[in-house]
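In what follows, every chain begins at residue 1, and chains take the letters A, B, ... in the order their sequences are listed. The analysis underlying the following values was restricted to heavy atoms, covering all of them including side chains, and did not include hydrogens, waters or symmetry mates.
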There are 2 protein chains.
Amino acid sequence: MAETDFTMQDEMRRAFAMLSGKWKLEIMWLLNQRIHRFGELRKAIPGITQHMLTAQLRELEADGLITRTVFAEVPPRVDYEMTPKARGLGPTMEALAAWWAVHGGTVPVRPGAGRRKS
Amino acid sequence: MAETDFTMQDEMRRAFAMLSGKWKLEIMWLLNQRIHRFGELRKAIPGITQHMLTAQLRELEADGLITRTVFAEVPPRVDYEMTPKARGLGPTMEALAAWWAVHGGTVPVRPGAGRRKS
DNA sequence: CGGTATCCAAAATGATACTG
DNA sequence: CAGTATCATTTTGGATACCG
């Protein structure tokens, strides 16, 4: 308990904040299974828009959780992959999913922000 | 894999959504240790406003994660306590905190919404 | 294919003042 | 003590069009 005496709440809050975002956890779950290209993620996550997918991927990249690899091909191809750092999140995600499987029920599914379909 | 074949992503996303909110995880961490009254939570969470604390507590209550007990005393007293259902989250929170303790570093600490101090 | 650029709507958070 | 009521501001998410 010396210099870096962050409390557990602090640690947790920071880690959680990094995964906040409507689609981040789902993206991480998919990348935890295997490398995905942009289009694959798009198809695997029904309802997400290009705009959001791009934005969330950029944030995850900035936080050092995923890597982005661009291939100079035609047609263009971009691969997204989890970093070793992020792979340590696997157990946490499984624990959360397991908890829900036991105690979960119906969730009101709170609406997100953004314009509604006219 | 019969009727209720929710995928792990689904389970996780729902559980995660229930904990979304800038202060919810921190509140849950504190309540996981012991019962707290409103004022105690306020002092234990530097930076939170009455407005936000009330709002987040109400949502946690609506999701069945905490109970609210009002005592007809003067001065008023309100206790908040975790439900048995929520206690199952302990391991998940610890796993997340542990992961951060190992892989975490500095987080940019993204700013929140709302009016800035003038 | 894999983005960016704009514009816009809605939700989330915050400051501040007031109340039983 | 433990809220509620307003209102301001910021972020988030989405629609649509366009680009290398």
Trainee: When you check the phosphate oxygens OP1 and OP2 of C/dT13, does a side-chain N or O of B/Q56 lie under 4.0 Å from one of them?
Mentor: yes
Trainee: Provide the closest heavy-atom pair for B/L30 versus B/H36 in the form atom of the first, atom of the second, distance.
Mentor: O-CE1, 3.2 Å
Trainee: Return the value, rounded to whole Å, for the distance between atom NZ of B/K117 and atom P of C/dG14.
Mentor: 10 Å
Trainee: Determine, for B/E59 against B/K24, whether the closest basic-nitrogen to carboxylate-oxygen distance falls under 4.0 angstrom.
Mentor: yes
Trainee: Is there a side-chain polar atom (N or O) of A/Y80 under 4.0 Å from OP1 or OP2 of C/dG2?
Mentor: no
Trainee: For DNA chain C, determine which residues of residues 37-48 of chain A have any heavy atom closer than 4.0 angstrom to one of its atoms, and list them numerically.
Mentor: A/R37, A/F38, A/G39
Trainee: Please tell me if A/R58 has a side-chain N or O lying less than 4.0 Å from either OP1 or OP2 of C/dG3.
Mentor: yes
Trainee: What are the two closest heavy atoms between A/E40 and A/I35, and how far apart are they?
Mentor: OE1-O, 4.1 Å
Trainee: State, to 0.1 Å, how close A/L31 and A/Y80 come at their nearest heavy-atom pair, and which atoms those are.
Mentor: CD2-O, 3.5 Å
Trainee: Whole angstroms only, please: what is the CG-C1' distance between B/L57 and D/dG3?
Mentor: 11 Å
Trainee: Taking only the side-chain nitrogens and oxygens of B/R115, find out if one of them lies under 4.0 Å from OP1 or OP2 of D/dT11.
Mentor: no
Trainee: Rounding to a whole Å, what distance do you find between B/L53:CG and D/dT4:C1'?
Mentor: 14 Å
Trainee: Of all the heavy-atom pairs spanning B/W23 and B/Q56, show the shortest one and how long it is.
Mentor: N-OE1, 3.2 Å
Trainee: From C-beta outward on A/H51, which listed nucleotide comes closest to its side chain: D/dA15, C/dA15, D/dT11?
Mentor: D/dA15
Trainee: Between A/K22 and D/dG14, is there a contact of a side-chain N or O with OP1 or OP2 at under 4.0 Å?
Mentor: yes
Trainee: Rounded to the nearest Å, what distance is computed from the CD atom of residue A/Q50 to the P atom of nucleotide D/dG13?
Mentor: 17 Å
Trainee: Between B/I66 and B/I27, is there a side-chain heavy-atom distance shorter than 4.5 Å?
Mentor: no
Trainee: Checking all strands, does B/P76 fall into the base, sugar-phosphate, or nothing category for heavy-atom contacts under 4.0 angstrom?
Mentor: base
Trainee: With rounding to the nearest 0.5 angstrom, report the CG to CD distance, B/L57 to B/E61.
Mentor: 8.5 Å
Trainee: Could you state the atom-to-atom distance from CE of A/M52 to C1' of C/dA11 in whole Å?
Mentor: 13 Å
Trainee: From CD1 of B/I27 over to C1' of C/dT13, roughly how many Å is that when rounded to an integer?
Mentor: 13 Å
Trainee: Is the phosphate of D/dG3, meaning OP1 or OP2, less than 4.0 Å from a side-chain N or O of B/R77?
Mentor: no
Trainee: Could you say whether A/P75 or A/T54 is positioned toward the 5' end of DNA chain C, judged by the nucleotide with the nearest heavy atom to each?
Mentor: A/P75
Trainee: Taking atom P of D/dC1 as reference, at what distance in whole Å does atom CD of B/E73 sit?
Mentor: 13 Å
Trainee: Could you walk me through whether A/M28 and A/M82 pass side-chain contact (heavy atoms from CB on, under 4.5 Å), step by step?
Mentor: CA-CA 8 Å; A/M28 292 310 284; A/M82 258 191 161; 3.4 Å; yes
Trainee: Assign each of B/A113 and B/R68 to its nearest nucleotide of DNA chain D by heavy atoms, then name whichever residue's nucleotide is nearer the 5' end.
Mentor: B/R68
Trainee: Taking CD from B/E59 and P from C/dA12, how many angstroms apart are they, rounded to a whole number?
Mentor: 7 Å
